Amino acid sequence: MPTAVLTDRERTAVQAYLRLLHTVRAAFDVEGGPPLVPPTVLAEAEQALERAGLTGNEEAFFRLLENWCPMADSPGP
């Protein structure tokens with residue numbers, strides 16, 4: 001499998017997505033109410049995707065994510 005070389009903006013988008021993913025997973029682990037995701041975490045991911053030119057192009061984004069961090073979408077333990 002070829003190694004993906006991401007631009008700084010693409011890398012930022014992937015990292016923001018991973019932070020969002022981990023935040024959502026942690027929110028679901030908390031008992032006692034509906035999961036809450038801080039709006040700032042979601043906004044950060046949206047802005048990073050927009051700056052990387054990936055808004056509305058989920059296929060390209062998830063291809064980058066898979067190449068850069070293959071285990072990002074795997075279920076937790």
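Keep in mind that what you see is a predicted model, and the values were worked out from it rather than measured.
- Cluster membership for L21 and F62, using ILVMFWY side-chain heavy atoms within less than 4.5 angstrom, is shared.
- Between the CG atom of N57 and the CZ atom of R63 there is a distance of 7.5 Å, given to the nearest 0.5 Å.
- Taking hydrophobic clusters as Ile, Leu, Val, Met, Phe, Trp and Tyr residues chained together by side-chain heavy-atom distances below 4.5 Å, V14 does not share a cluster with L20.
- In this structure, L54 CG and Y17 OH are separated by 13.0 Å, a value rounded to the nearest 0.5 Å.
- Residues V41 and F28 fall within the same hydrophobic cluster, defined by Ile, Leu, Val, Met, Phe, Trp and Tyr side chains chained together at heavy-atom separations under 4.5 Å.
- Between atom CD of residue E66 and atom CZ of residue F61 there is a gap of 11.5 Å, rounded to the nearest 0.5 Å.
- Within a 6.0 Å sphere centred on CZ of R11, heavy atoms belonging to other residues, nucleotides or ligands number more than 12.
- R19 meets the salt bridge (Lys or Arg N to Asp or Glu O under 4.0 Å) test with E44; sequence neighbours excluded.
- In this structure, CZ in R51 is found 11.5 Å from OG1 in T7, a value given to the nearest 0.5 Å.
- Heavy atoms only, all atoms of each residue included: A48 and A16 are closest at CB-CB, 3.9 Å.
- Here the straight-line distance linking atom OG1 of T55 with atom CD of E46 works out to 8.0 Å at 0.5 Å rounding.
- Atom CZ of R9 and atom CG of L49 lie 13.0 Å apart (nearest 0.5 Å).
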